Amino acid sequence: MRRDLSAQTLRAGEYLLRPLAVADAGELRTLFGDPEVTEFMDIDPLSSEAEALEIVSWAQDLAARGDGLRWGVRREGRLIGTCGFNKLELDRGRRGEIAYDLERAAWGRGVMRQILPHVMAFGYGELGLHRLEAMVTVGNLRSARLLERLGFRQEGVLRGHGYWKGRFWDQMVFGRLAD
């Protein structure tokens with residue numbers, strides 16, 4: 001059963017996760033304007049607030065339909081990343097695809113190591129998911145190591161699975177079942 005997730009917030013230690021909103025567009029443009037942040041993502045670095053607003057609109061539609069949920073990650077009121085469920089399959093599979101990103105200044109500081117267990121608990125508990133998945137672009141070793149530390153297993157590589165930035169990309173599939 002789908003439900004509107006557009007008002008769903010989550011506290012993860014010192015981090016507040018709240019659905020992306022129009023007011024986030026400026027900070028989101030800065031975050032995704034960094035080519036290193038978007039290196040393994042299916043978007044080019046953002047060059048305008050209008051592009052950021054398109055991402056906010058996508059996230060709001062996803063949450064309103066109950067097909068996913070993308071939170072802005074805030075620390076001390078400032079947007080430092082995003083995370084959530086890019087896809088939710090609640091009717092025939094009880095699974096969700098998690099995704100996450102952070103500003104470079106937060107890399108290597110255990111931020112997502114602290115946040116993702118809360119996201120996972122929300123997925124398994126509140127949403128009743130049985131399986132979590134993550135698609136990681138080949139070469140993104142930090143992300144792969146993080147998922148493995150959180151109990152995900154690499155289940156395979158989908159060759160040429162994605163197409164963005166003018167080329168095909170291989171994607172590693174990671175999965176984790178509810179305990």
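Bear in mind the structure is a predicted one, so any value in this text is a computation, not a measurement.
Among all heavy-atom pairs drawn from Cys83 and Tyr100, the shortest one is CB-CB, 3.8 Å. Across every non-hydrogen atom of Val22 and Val56, the tightest pair is N-CG1, 3.6 Å. Val173 and Met135 make their closest contact through CG2-SD, 3.9 Å (heavy atoms, listed as atom of the first residue, atom of the second, distance). The two residues Gly72 and Leu79 make their nearest non-hydrogen contact at CA-CD1, 3.6 Å. In terms of heavy atoms, Pro35 sits closest to Pro45 at CA-CG, 3.7 Å. Of all heavy-atom pairs spanning Pro19 and Ser6, the tightest one is CG-O, 3.3 Å.
Side-chain N or O atoms of Arg94 include one that pairs as donor or acceptor with a backbone N or O of Gly128 at under 3.5 Å. Between the side chain of Thr38 and the main chain of Met41, no donor-acceptor pair closer than 3.5 Å is present.
Under the 4.0 Å criterion applied to side-chain N and carboxylate O atoms, Asp34 and Arg104 are assigned as salt-bridge partners. With salt bridges taken as basic N to acidic carboxylate O contacts below 4.0 Å, one links Arg75 and Glu14. With respect to Glu49 and Arg29, no salt bridge is recorded, no charged nitrogen being found less than 4.0 Å from a carboxylate O.
A tilted orientation is assigned to the rings of Phe122 and Phe85, their planes being inclined by 30° to 60°.
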Would Leu132 and Ile98 satisfy side chain to side chain contact (heavy atoms under 4.5 Å, CB included), going step by step from the backbone distance to the final call?
-> CA-CA 7 Å; Leu132 294 177; Ile98 64 167; 4.2 Å; yes

Derivation of the side chain to side chain contact (heavy atoms under 4.5 Å, CB included) call for Ile80 and Arg78 | CA-CA 6 Å; Ile80 64 165; Arg78 198 171 71 72; 3.6 Å; yes

Start with the C-alpha distance between Ile55 and Phe32, add both sets of side-chain angles, then the distance that settles side chain to side chain contact (heavy atoms under 4.5 Å, CB included), and finish with yes or no.
-> CA-CA 10 Å; Ile55 292 171; Phe32 290 157; 3.7 Å; yes

Side chain to side chain contact (heavy atoms under 4.5 Å, CB included) evaluation trace for Leu5 with Leu127 | CA-CA 10 Å; Leu5 298 169; Leu127 297 177; 4.2 Å; yes

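Residues that satisfy the side-chain hydrogen bond (donor to acceptor under 3.5 Å, both in side chains) test with Arg70, not counting sequence neighbours, are Thr82, Asn86, Asp101. Residues satisfying the side-chain hydrogen bond (donor to acceptor under 3.5 Å, both in side chains) test with Asp24, not counting sequence neighbours, are Arg18, Arg74. Remark: Arg92 engages no residue in a side-chain hydrogen bond (donor to acceptor under 3.5 Å, both in side chains) (not counting sequence neighbours).
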Side-chain atoms of residues 144-162: list all donor-acceptor pairs with protein atoms under 3.5 Å, sequence neighbours left out, distances to 0.1 Å.
unit_1 : atom_1 : unit_2 : atom_2 : d
Glu155 : OE1    : Arg131 : NH2    : 2.5
Glu155 : OE2    : Arg131 : NH1    : 3.1

Donor-acceptor contacts under 3.5 Å from residues 105-115 side chains, at least two apart:
unit_1 : atom_1 : unit_2 : atom_2 : d
Trp107 : NE1    : Leu102 : O      : 2.9
Trp107 : NE1    : Glu103 : O      : 3.4
Arg109 : NE     : Ala105 : O      : 2.7

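When side chains are defined from C-beta on, Asp179 does not count as touching Tyr124, because their heavy atoms never get closer than 4.5 Å. Side-chain contact between Leu20 and Gln60 is absent, with no heavy atoms from C-beta onward closer than 4.5 Å. Residues Val119 and Leu10 are in side-chain contact: their nearest non-hydrogen atoms beyond the backbone lie under 4.5 Å apart.
Residues near Leu16 contribute nothing to a hydrophobic cluster around it, because no ILVMFWY side-chain heavy atom sits closer than 4.5 Å to its side chain.
No more than 12 heavy atoms of other residues, nucleotides or ligands sit less than 6.0 Å from atom NZ of Lys87.
A cation-pi arrangement is absent between Arg167 and Trp164 under the rule of less than 6.0 angstrom and at most 45 degrees off the ring axis.
The structure places CG of Asp67 at 10.0 Å from CG of Asp61, a figure rounded to the nearest 0.5 Å.
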